[in-house]
Amino acid sequence: MCEYCGCREIPLIGRLSEEHYQAVDALGVLRRAIESSDAVAVGSAVVALREELITHNESEEAGLFLELGRDEYFAPTIAELLEQHVQFRVLLDRIAGGDWAAYDELEDTLRHHIDREENGLFPATAVAVDGDVWTEIDRLTHAFNHERGREHGHTEAEALQARRGDAGHRKSPAGDEDSTVTKQADERGHTATHTRAPAPRGRRDLVVKLAEGFVLRPAKLDDAASLFALWAQAGLHVGRPESVVEDLAGVLALHPQLVLVAVAGDSIVGSVLGTWDGRRGWINRLATRPDWQGRGVASALLTAVEDGVRALGGGKVNLLIEADNYDVVSYYEGRGYATDDLIFMEKYL
């Protein structure tokens, strides 16, 4: 999960993330039903997945998406996610109608959708969305959940301000060990009581790669030795092991939400050192271990940094490619990057 930005401390984001787990579990039930060629089980699984997924989507649309969609930086991502919400309905209808082959497209679309939210939109909200916007998101989402009778929490805006250390706002109890019960007046004037449970200990970090088997997490200094090995295996120029520690410490001190690794099991299989100079983002050390290339690792890392830069207010991402690594140009071109006629100069200090 997006632990590197603390976005799960915002109750709404924590709940939406937990609903992702539930949707993924329901998706697995559907997959097993299809694999067993059990038409009755498939029908039941579609109904269960539809209940988990569509209600979750509608809750997002009612508050979070509505407000973020007004912002020019978030609007393109919101438009993409809304389009995928429509795809989910269409694909579930196809499967319910007997077109079980649509399952693969459903899983791929859901994988991409969760990836965009957990590694992009949700962390971005923790960085770029202010308390006033969260207050409105709270109000809209709260009204939707009351209307649908959905269990939910309150004080998203207060929790965000507390996480940022804003002394002008009352501290949220989101970090308490015990479950928290809050009472407050809702839109219709009556007092509602809701229980918000704390995030369970030992939870899986991220469920965004349903097929590839890797997760993204923030890099840390302890990863230096593994990154040294990874970059050597990936064919990048690597200096002394000590220099990796120095480089890693330097970028982590700037914007740690842009410095990520991809992990499979206990092994680091990909990396990116993203930076932000106040005007534009930079991609450094985007690498994938050779035996994991072609499985979406680099693309997931690249997308996460792009979303992070966008959340910081950037509208452009740059990267440099050394002449002896020209073969990767086509990879970046396929992801919207283009060459420019520049004169690159450097000075060692």
Side-chain angles (χ1 to χ4, degrees), residues 72-84 87 104-105 108-109 111-121 123-124 208-216 219 227 230-238 247 251 255 257-262 264 268-346:
E72 63 179 356
Y73 292 114
F74 287 109
T77 298
I78 296 300
E80 177 188 348
L81 295 174
L82 286 171
E83 182 179 346
Q84 289 169 351
Q87 287 181 272
D104 289 340
E105 184 178 352
D108 183 66
T109 304
R111 174 199 63 78
H112 181 69
H113 185 83
I114 294 176
D115 184 25
R116 292 289 280 168
E117 291 193 344
E118 298 287 1
N119 277 329
L121 185 69
V208 296
K209 296 299 171 186
L210 305 182
E212 289 86 345
F214 66 89
V215 298
L216 303 186
L227 289 174
L230 167 69
W231 295 341
Q233 288 177 303
L236 300 182
H237 296 300
V238 183
D247 291 346
V251 293
H255 296 94
Q257 70 269 38
L258 304 180
V259 186
L260 305 171
V261 293
I268 292 178
V269 299
S271 73
V272 65
L273 306 186
T275 59
W276 162 248
D277 65 11
R279 295 182 59 212
R280 58 181 68 84
W282 288 88
I283 300 294
N284 301 282
R285 295 293 181 178
L286 180 64
T288 304
R289 204 171 71 187
D291 58 325
W292 274 83
Q293 291 175 1
R295 298 169 69 174
V297 174
S299 294
L301 290 164
L302 189 61
T303 297
V305 173
E306 290 170 351
D307 287 335
V309 170
R310 186 180 296 112
L312 289 167
K316 183 180 181 182
V317 177
N318 287 358
L319 57 89
L320 300 173
I321 299 172
E322 295 187 1
D324 60 358
N325 197 27
Y326 188 81
D327 289 345
V328 304
V329 169
S330 60
Y331 170 83
Y332 288 107
E333 287 178 337
R335 283 149 186 82
Y337 289 76
T339 57
D340 200 352
D341 293 328
L342 299 172
I343 297 176
F344 173 66
M345 302 179 68
E346 64 182 2

- Interatomic spacing from CG in Leu227 to CG in Leu273 - rounded to 0.5 Å: 7.0 Å
- Task: Just jot down the side chain to side chain contact (heavy atoms under 4.5 Å, CB included) partners of Ala262, sequence neighbours excluded, or say none.
- Result: Phe214, Leu216, Val269, Val297, Leu301
- Note on the structure: Across all chains, not counting sequence neighbours, the side chain to side chain donor-acceptor pair (under 3.5 Å) partners of Thr288 are none
- Applying side chain to side chain donor-acceptor pair (under 3.5 Å) to Trp276 and not counting sequence neighbours gives none
- Count the heavy atoms belonging to other residues, nucleotides or ligands that lie under 6.0 Å from CD of Gln293, then report whether that count exceeds 12. yes
- Task: Please name all residues satisfying side chain to side chain contact (heavy atoms under 4.5 Å, CB included) with Glu322, sequence neighbours left out, ordered by chain then number.
- Result: His237, Asp324
- Please name all residues satisfying side chain to side chain donor-acceptor pair (under 3.5 Å) with His255, sequence neighbours left out, ordered by chain then number. none
- Message: Any non-hydrogen side-chain atom of Arg285 less than 4.5 Å from a side-chain atom of Val251?
- Response: no
- Message: Taking salt bridge (Lys or Arg N to Asp or Glu O under 4.0 Å) as the definition, give me every residue that meets it alongside Arg116, ordered by chain and number, with sequence neighbours left out.
- Response: Glu80, Asp307
- May I ask you to test the Leu258-Leu312 pair for a side-chain heavy-atom distance under 4.5 Å? yes
- If you round to the nearest 0.5 Å, how far is NZ of Lys316 from CZ of Arg310? 15.5 Å
- Message: Which heavy atom of Leu230 sits nearest to which heavy atom of Ala287, and what is that distance?
- Response: CD2-O, 4.4 Å
- Query: Tyr326: what forms a side chain to side chain contact (heavy atoms under 4.5 Å, CB included) with it, not counting sequence neighbours?
  - Reply: Val329
- Of all heavy-atom pairs linking Gln233 and Pro290, the shortest is O-CG, 3.3 Å
- Task: Check Ala300 against Asp115 and note the closest heavy-atom contact, atom names and distance.
- Result: CB-OD2, 4.2 Å
- Roughly how far, to the nearest 0.5 Å, is the NE2 atom of His113 from the CG atom of Leu82? 8.5 Å
- Message: Set out, in order, the CA-CA distance, both residues' side-chain angles and the distance that settles side-chain contact (heavy atoms from CB on, under 4.5 Å) for Leu121 and Ile78, then state yes or no.
- Response: CA-CA 9 Å; Leu121 185 69; Ile78 296 300; 4.1 Å; yes
- Query: By side chain to side chain contact (heavy atoms under 4.5 Å, CB included), which residues pair with Glu105, not counting sequence neighbours?
  - Reply: Gln87, Leu91, Arg94, Thr109
- Message: Just to verify, what does Asp291 make a salt bridge (Lys or Arg N to Asp or Glu O under 4.0 Å) with, not counting sequence neighbours?
- Response: Arg289
- Message: My understanding is that only residues two or more places apart in sequence, or in another chain, count here; which of them pass ring-ring contact (aromatic ring centres under 6.0 Å, His included) with Tyr337?
- Response: Tyr332
- Task: Looking only at non-hydrogen atoms, find the nearest pair between Gly274 and Val259 and report the distance.
- Result: O-CG2, 3.8 Å
- Residues in side chain to side chain donor-acceptor pair (under 3.5 Å) contact with Asp277, at least two apart in sequence or another chain: Trp282
